[in-house]
Every structure is written in structure tokens, then in C-alpha cells.
Amino acid sequence: FDLKGHTDIYAGRKGGQTRLIFGGSGGKVYLVRLNGEAESFSVPGLSGDYRMNVADVDRDGVEECVFTDGNRLLITDMEGKTVSDQKIDAGSLDYPYVYRFSAADIRIGLMDSGRRQMMLLSPAGSMSKGFPIAGDSPFSIVFSGEEGFFLYAGADGGSIIKYKVNRER
């Protein structure tokens with residue numbers, strides 16, 4: 001396998017079988033069965049700096065590949081077919097975190113460290129209400145009972161910031 005310098009490995013399913021899924025150089029995605037058999041697909045147009053996550057973002061029970069590359073948010077199925085391809089108003093997007101608020105509400109968390117903004121988007125690329133917000137660190141979203149969801153992130157000087165996240169209806 002021709003791998004990038006840092007390669008995350010995900011466990012997922014394709015065709016009812018568990019696979020190890022990881023991205024390689026040149027936008028190639030590898031799917032390896034636990035018996036060692038491998039297949040791959042290529043995602044055209046990705047630079048060597050892309051980031052990838054694997055999650056079921058369209059709620060169909062099958063994982064998709066979620067990529068960021070520059071200001072591009074791209075989602076493909078496990079065959080490499082484009083599900084969504086959006087240009088985001090951002091300088092350079094970091095790793096695409098996936099947050100599940102409910103069975104019907106899944107969103108993608110992004111950070112643009114160059115512009116010092118945190119974003120929360122639908123898989124189709126629409127910005128969540130109240131975003132983007134100021135910040136330049138990865139963030140966590142937690143559920144706090146009747147109070148709802150809150151975003152926590154690091155801020156300058158070692159402090160922590162807390163934002164209330166509005167539910168999508």
C-alpha cells in the first residue's frame with residue numbers, strides 16, 4: 001500500500017463484511033477484508049494534504065468516506081461515487097469530525113485554523129444556525145440532559161469556551 005505519512009485506519013462494513021478502511025497517497029482509498037483481500041478506489045482531484053473520516057453520514061446503515069482538502073468537503077460512498085462535493089467559505093479545513101445528535105440529525109464539525117473559525121455543517125454542506133464561531137482548536141460536543149447539546153473548545157491562554165448548539169428541526 002502506498003500510504004500517506006499519517007494514516008488513520010477505520011473499521012467499517014461493505015457488502016455485509018467488515019473491512020479496514022484507510023486513505024493512501026494520490027487520493028486512493030483501500031478497503032481490506034479481515035482475510036487480507038484488498039480492493040481500492042481512487043478519488044480524483046485530492047491533493048496530498050487531504051484528511052479523511054469514515055462514518056454513516058446519510059443514515060442508510062452504510063459508512064461513507066468524508067474528505068476535506070483545502071476548502072473542499074467531499075463525501076463518497078465505498079465505491080468512490082460522489083455523494084456530496086462542496087466548496088466551503090474557508091481557507092483550509094482540518095479533519096472532518098462527525099457528530100450524531102439523533103438518528104435524523106448528523107453533522108460534520110470542521111475547523112479552519114487559518115481563519116480561526118469552527119464550523120458545523122450538514123452532510124450536504126449547509127452551515128448550522130449560529131456558525132461559524134470563533135476558535136481554532138478541535139472541539140467536542142456533549143449532551144447535557146434537558147439543557148441540550150454544548151460545544152467545548154480550547155481558547156487562547158489555556159481557557160475553555162462553551163457554546164450552546166441549536167438542534168436542527
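Every heavy atom of this structure was used, including side-chain atoms; hydrogens, water molecules and symmetry mates were not.
Atom CG of residue L93 and atom CG of residue D49 lie 12.5 Å apart, to the nearest 0.5 angstrom. Rounding to the nearest 0.5 Å gives a distance of 10.0 Å between CD of E63 and CG of L31. To the nearest 0.5 angstrom, L46 atom CG is 11.5 Å from S25 atom OG. Expressed to the nearest 0.5 Å, how far CZ of R107 lies from CE of M119 amounts to 15.0 Å. Put simply, CG on D105 and CZ on R59 are 8.5 Å apart, with the number rounded to the nearest 0.5 Å. With rounding to the nearest 0.5 Å, the separation of CD1 in I161 from CG in L151 is 7.0 Å.
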Side chain to side chain contact (heavy atoms under 4.5 Å, CB included) evaluation trace for M78 with R13: CA-CA 9 Å; M78 288 298 165; R13 298 184 68 79; over 6 Å; no

Applying salt bridge (Lys or Arg N to Asp or Glu O under 4.0 Å) to E147 and K164, what does each step give before you reach the verdict? CA-CA 9 Å; E147 294 183 47; K164 174 116 171 95; over 6 Å; no

What do the steps show when you test E79 against K14 for salt bridge (Lys or Arg N to Asp or Glu O under 4.0 Å), and what is the final call? CA-CA 9 Å; E79 302 290 333; K14 180 183 174 196; 2.9 Å; yes

Test side chain to side chain contact (heavy atoms under 4.5 Å, CB included) applied to F131 and Q117, step by step: CA-CA 9 Å; F131 285 84; Q117 291 183 331; over 6 Å; no

Derivation of the ring pair (Phe, Tyr, Trp, His ring centres under 6.0 Å) call for F149 and F101: CA-CA 8 Å; F149 292 93; F101 294 90; 4.7 Å; yes

Side chain to side chain contact (heavy atoms under 4.5 Å, CB included) between D77 and T82, worked out: CA-CA 7 Å; D77 66 14; T82 300; over 6 Å; no

For R72 and Y50, what are the C-alpha separation, side-chain angles and deciding distance, and is it a side chain to side chain contact (heavy atoms under 4.5 Å, CB included)? CA-CA 9 Å; R72 183 180 182 196; Y50 75 88; over 6 Å; no

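Residue L34 qualifies as enclosed at atom CG: its count of foreign heavy atoms under 6.0 Å is above 12.
Contact record, V32 with A38: CG2-CB, 4.0 Å, taken as the closest heavy-atom pair. Nearest heavy-atom pair across R33 and Q17 is NE-OE1, 2.9 Å. Nearest heavy atoms, C65 versus V54: SG-CG2, 4.4 Å. Considering every non-hydrogen atom in both R100 and D56, the closest pair reads NH2-O, 3.5 Å. Across every non-hydrogen atom of P96 and L110, the tightest pair is CA-CD2, 3.7 Å. When every heavy atom of S113 is checked against every heavy atom of D94, the shortest pair comes out as OG-OD2, 3.7 Å.
Residues D2 and Y30 are in side-chain contact: their nearest non-hydrogen atoms beyond the backbone lie under 4.5 Å apart. Side chains of F41 and K81 form no contact here, defined as non-hydrogen atoms less than 4.5 Å apart. No side-chain heavy atom of T76 sits less than 4.5 Å from a side-chain heavy atom of V83. Taking 4.5 Å as the limit, every side-chain heavy atom of L120 sits out of range of all side-chain heavy atoms of I108. Proximity of I21 to M52: side-chain heavy atoms (C-beta onward) are separated by under 4.5 Å at one or more points. Residues I75 and P123 have side chains in contact (heavy-atom distance under 4.5 Å, counting atoms from C-beta outward). For the pair F67 and V29, the minimum side-chain heavy-atom distance is below 4.5 Å.
Y99 has its ring centre less than 6.0 Å from the ring centre of F139. A ring-centre distance under 6.0 Å is found for F1 and F22.
Under the 3.5 Å distance criterion, the side-chain polar atoms of E64 are matched with a main-chain donor or acceptor of V57. Within the 3.5 Å criterion, the main-chain N or O of G26 finds no donor-acceptor partner in the side chain of K4. Not a single donor-acceptor pair under 3.5 Å links the side chain of D112 to the backbone N or O of R116. Using a distance-only test at 3.5 Å, with no hydrogens or angles considered, no donor-acceptor pair links the side chain of S84 to the main chain of L74. Side chain of S122 to main chain of A124: a donor-acceptor pair is present (N/O by atom type, distance under 3.5 Å, no hydrogens or angles). Side chain of N71 to backbone of S92: no donor-acceptor contact under 3.5 angstrom is found. Side chain of S102 to main chain of A104: a donor-acceptor pair is present (N/O by atom type, distance under 3.5 Å, no hydrogens or angles). Under the 3.5 Å distance criterion, the side-chain polar atoms of R115 are matched with a main-chain donor or acceptor of D89.
Using modelled atom types, one finds a donor on one side chain and an acceptor on the other under 3.5 Å when comparing N53 with Y95. Judged by distance alone, the side chains of R51 and T68 never bring a donor and an acceptor atom under 3.5 Å apart.
Under the 4.5 Å side-chain heavy-atom criterion for ILVMFWY residues, no single connected hydrophobic cluster contains both I160 and M118. With hydrophobic clusters built from ILVMFWY side chains whose heavy atoms lie under 4.5 angstrom apart, M127 shares a cluster with I106. I133 is not connected to V142 by any chain of hydrophobic side-chain contacts under 4.5 Å among Ile, Leu, Val, Met, Phe, Trp and Tyr, and they are in different clusters.
The side-chain tip of K162 points at the ring of F150 from less than 6.0 angstrom away and within 45° of straight on.
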